[in-house]
Trainee: 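Below is the structure I would like to discuss, written out as structure tokens.
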Amino acid sequence: MRNFGNIRIPAARVVASVLAVCVVLGSAMAQAGHTTSLKFDKVVHNFGKILAGSGEKKCEFKYTNVSSEPVVINNILSSCGCSVPEWNKAPIRPGESGSITVTFLNDQGAYPFDKTLTVYVSSSEKPILLRITGVAYSKEKPLGELYPSHIGPLGMKTPLMNAGQIEQGLKKAMKENVVNLSKKSVTVSFSDTDPALEISVSPSVIAPGESATISYTVNTAKGKQRWGRNIYRATLLCNKIKTGTLSAEATVVTPYTSLSKEEIEKAPQIFLDKSSFPFGTVKKGSTVSFKANISNPGKTALRIYKVETGDQKMEIHCPSTVPAGGKAVMTGTTTVRKAEPDMVFVITLVTNSPDRPLVILYLNGTITD
């Protein structure tokens, strides 16, 4: 069992989490703000609840060529063989529209699904990511089980909406389902919304047992500049009564997808002499420390915008700038409060390096009583 901050996670899930971070860093984000020749009407299609084995389900992602040149969709890769895309292989002239049809085979049993389609377009080095989501069920379940996170009369699948990574200065739009678990219609609205969060619900009046779509956009150009992991909140009103708080999480990173080749060549880089810092076996209440040597072989100054330590309180001494070709030292200490045979603390550096906008370090060891 491993512990990230105050959250205990099995060791196997630690590996999975690290792999997930690597995948995210290597993938292009479907976010507004950087140049793309194809403008899609949506990037996520939610099938909602479907009966497992009830046959194929289809959806369309419509697009328009908003550039001044012909565009070709070279290829579309699906994250699963159960999602089959079809598209026009011919060039798409400026101003022309078309669609990508996705068939979800619905042949893998009852489970919540979230599939990604990676669209490679001739005019862009970065792919466009599309998603299909939904829940296939073997028999009808109570809404309360399908939507286990309850806020007043409403139910959601998760208490924290996750927008993933967003580049600083850009915005990203997402959608989540919400259902009315009560026996009366509920009028939904929002107040006290974070300046960087735009949120709405459609329909705004939800009948008993019916669902609605919450559309939310995290716009990093609004409000104060923030880096790394952030929570954006809005007060939920049900029938004009304050009922609770809806929260959206996003990790704000340096802009990197729109950089030119010249900018990438001149970009800063970050290297550390180690990424794991074993502290051995210590007693509860002990103070443990680490030291990391940082180097920047890049051609411009490295900026370290933020150092995150999760729920673990740490005293970190880290330079905010490392000059081109320069070196620096980061040190940190923390007092371990809880006995744990396999403890891992996660430290995240948020940087302006396009290759490594997020750098993850691990402080690990055994804590005894």
Trainee: Provide the closest heavy-atom pair for Thr254 versus Tyr256 in the form atom of the first, atom of the second, distance.
Mentor: O-CD2, 3.1 Å
Trainee: Is any side-chain N of the basic residue among Asp369 and Lys284 closer than 4.0 Å to the acidic one's carboxylate O?
Mentor: yes
Trainee: Would Thr64 and Ser97 count as a side-chain hydrogen bond (donor to acceptor under 3.5 Å, both in side chains) here? Give the steps.
Mentor: CA-CA 4 Å; Thr64 300; Ser97 298; 2.9 Å; yes
Trainee: Salt bridge between Lys171 and Glu198, side-chain N to carboxylate O under 4.0 Å?
Mentor: no
Trainee: Flag yes if more than 12 heavy atoms outside Lys57 fall under 6.0 Å of its NZ atom; otherwise flag no.
Mentor: yes
Trainee: Work out which heavy atom in Leu181 is nearest to a heavy atom in Gly144; give both atom names and the distance.
Mentor: CD2-N, 3.9 Å
Trainee: Give a yes or no on whether the backbone of Leu105 and the side-chain of Thr103 come within a donor-acceptor separation of less than 3.5 Å.
Mentor: no
Trainee: Is it true that a side-chain atom of Asn75 and a backbone atom of Ile73 form a donor plus acceptor pair closer than 3.5 Å?
Mentor: no
Trainee: Please report the closest heavy-atom contact between Lys115 and Cys82, naming both atoms and the distance.
Mentor: CE-SG, 3.6 Å
Trainee: Asn106 side chain to Glu56 main-chain N or O, any donor-acceptor pair under 3.5 Å?
Mentor: no
Trainee: What heavy-atom pair brings Leu146 and Lys49 nearest, and what distance separates the two atoms?
Mentor: CD1-CD, 3.1 Å
Trainee: Measure up the Tyr111 and Phe104 rings against each other and bin them: parallel (under 30°), tilted (30 to 60°), perpendicular (over 60°).
Mentor: tilted
Trainee: Only pairs at least two apart or in different chains count here, so list each salt bridge (charged side-chain N to carboxylate O under 4.0 Å, His left out) that has a residue in residues 239-254.
Mentor: Asp192-Lys242, Arg229-Glu249
Trainee: Minimum heavy-atom separation for Gly298 to Ala324, with atom names?
Mentor: O-CB, 3.4 Å
Trainee: Please tell me whether Ile347 and Phe277 are part of a single hydrophobic cluster in this structure, the criterion being side-chain heavy atoms less than 4.5 Å apart.
Mentor: yes
Trainee: Carefully, step by step, assess Ile132 and Phe61 under the rule side-chain contact (heavy atoms from CB on, under 4.5 Å).
Mentor: CA-CA 10 Å; Ile132 61 170; Phe61 293 90; 4.0 Å; yes
Trainee: Identify the heavy atoms of Trp87 and Asn74 that sit nearest to each other, and give their distance.
Mentor: CZ2-O, 4.2 Å
Trainee: Mark yes when over 12 heavy atoms from residues, nucleotides or ligands other than Glu315 sit less than 6.0 Å from its CD; otherwise mark no.
Mentor: no
Trainee: Which residues pass the side chain to side chain donor-acceptor pair (under 3.5 Å) test with Ser67, not counting sequence neighbours?
Mentor: Asn65
